Asker: 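Mind having a look at this structure? Questions to follow.
All of these numbers come straight from a predicted model, not from anything done at the bench. A, B, ... follow the sequence lines: proteins, then strands. Residue 1 opens every chain.
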Amino acid sequence: MLPKIQPALSDYYSDNAEPLKTRLFNTIWQNYQTKQTSTNNNAYSPKILDTGTAQPESFNFYSEHCCYLTIADCIHELIQLDWPEEDNPNSVILKKIQDIFPATRIKYDLILGWDSFNYINPKILPHLHNHLLDFCHKDTIIHGFLLTSENYPSKPGSFKIISADKIQHSVSTRQEKQHTPLTPIAINRYFPGFKYARSVLMRSGLQEFILTRK
Amino acid sequence: MFDINEMKKNVSNKLNKADKTVPHETREEEIAKYNSTPVNTPNSTQLASIGPSIHFKGELTGEEGLIIDGKVEGTIDLKGNQLIVGNNGKIKADVYAQTIIVNGSLTGELHGKEKVHISKSGVVNGNIFSPRVSLEDGAKFKGSIDMSETRHEQSKKNPSGVQDSQLKRA
């Protein structure tokens with residue numbers, strides 16, 4: 001049997017200085033810019049739901065693109081959710097997700113999940129998917145990063161948007177943890193309302209991916 | 001004897017001299033000057049202030065700049081003036097001002113006609129309506145920001161109107 005080829009954990013840290021080249025993210029923004037120029041300038045403003053924390057660099061980027069932005073800052077709370085041991089766990093977990101990630105009437109064009117899906121309890125992912133559907137219209141795209149290695153940093157990283165094709169990825173911890181890597185097949189199973197549309201393998205075992213609505 | 005030409009010449013010289021002593025700043029220079037001003041150390045002599053021991057509930061209106069280091073709940077409307085939330089300030093209010101600088105904590109809607117700035121010690125939970133929003137590294141923000149110009153126009157026309165699209169605050 002062939003040994004599994006995995007990036008060394010140190011790759012996650014050594015590459016921190018160099019921004020990731022994000023081709024899919026770039027394509028998404030090029031599409032928005034095309035829409036903006038073709039629909040009489042400011043008539044179209046993309047609606048972005050960023051599940052990560054507020055980053056000054058990302059703010060600058062969003063403000064250049066004249067968009068409606070929601071910073072949900074919910075990743076840390078979502079990854080701390082454990083599957084409830086109580087009776088009727090489905091409704092308990094849904095309630096917890098709703099508390100962390102309040103509902104809104106907005107339908108977003110783009111949801112940025114960053115690397116959060118790798119860290120959220122897989123049992124919880126289908127419930128998160130159901131909740132996220134309330135934020136989506138028929139063309140909503142989910143953008144994120146898969147970690148393909150079995151051992152990667154124990155906490156999610158931070159992502160700062162330098163430009164559409166450059167995102168700075170930083171890891172705040174040197175502690176590692178064994179994970180079962182989230183595969184495209186698993187993503188399709190956990191997010192049945194979406195399909196795994198495209199992915200690009202990057203350095204350090206990171207894989208940029210987008211999900212589109214079925 | 002009164003010489004009108006001589007007088008014109010004198011006045012013109014004086015005006016030229018005045019222009020040199022007080023140079024006109026371009027818009028870019030003004031912005032650069034504003035941005036270079038440390039936001040944590042406002043000139044308090046130009047601003048009214050609410051001290052750390054003050055707890056105010058209700059509608060706070062004024063036509064001058066204000067620095068808040070106490071607790072305020074309700075609405076704050078400073079029209080075309082500056083609001084600074086000091087490091088100790090805790091605000092639970094919808095805020096209307098020309099410029100809003102947050103060093104403390106603010107929960108509510110921020111309507112900054114010109115600019116909203118959240119400093120590294122600032123914590124904001126709510127929605128921002130402003131053409132310019134800046135954030136320092138370390139600042140905490142949770143909520144929505146409308147950066148599209150058409151929506152800003154709507155916000156200016158109906159500053160107190162609750163937008164359908166707002167994130168429900170926990």
Asker: Heavy-atom pairs under 4.5 Å with chain B - which of A/P56, A/A54, A/C74 has more of them than the others?
Answerer: A/P56

Asker: Could you look at A/K160 and say if it's the side chain, the backbone, both or neither that has a heavy atom under 4.5 Å from chain B?
Answerer: side chain

Asker: With sequence neighbours excluded, tell me which residues meet salt bridge (charged side-chain N to carboxylate O under 4.0 Å, His left out) with B/E73.
Answerer: none

Asker: Measure A/S63 against the heavy atoms of chain B and call it side chain, backbone, both or neither at under 4.5 Å.
Answerer: both

Asker: How about CZ on A/R23, more than 12 heavy atoms from neighbouring residues, nucleotides or ligands closer than 6.0 Å, or not?
Answerer: no

Asker: Among residues at least two apart in sequence or on other chains, which ones pass ring pair (Phe, Tyr, Trp, His ring centres under 6.0 Å) with A/Y190?
Answerer: none

Asker: Is chain B contacted by the side chain of A/I48, its backbone, both, or neither, given a heavy-atom distance below 4.5 Å?
Answerer: neither

Asker: Are there over 12 heavy-atom neighbours, none belonging to A/K21, within less than 6.0 Å of that residue's NZ?
Answerer: no

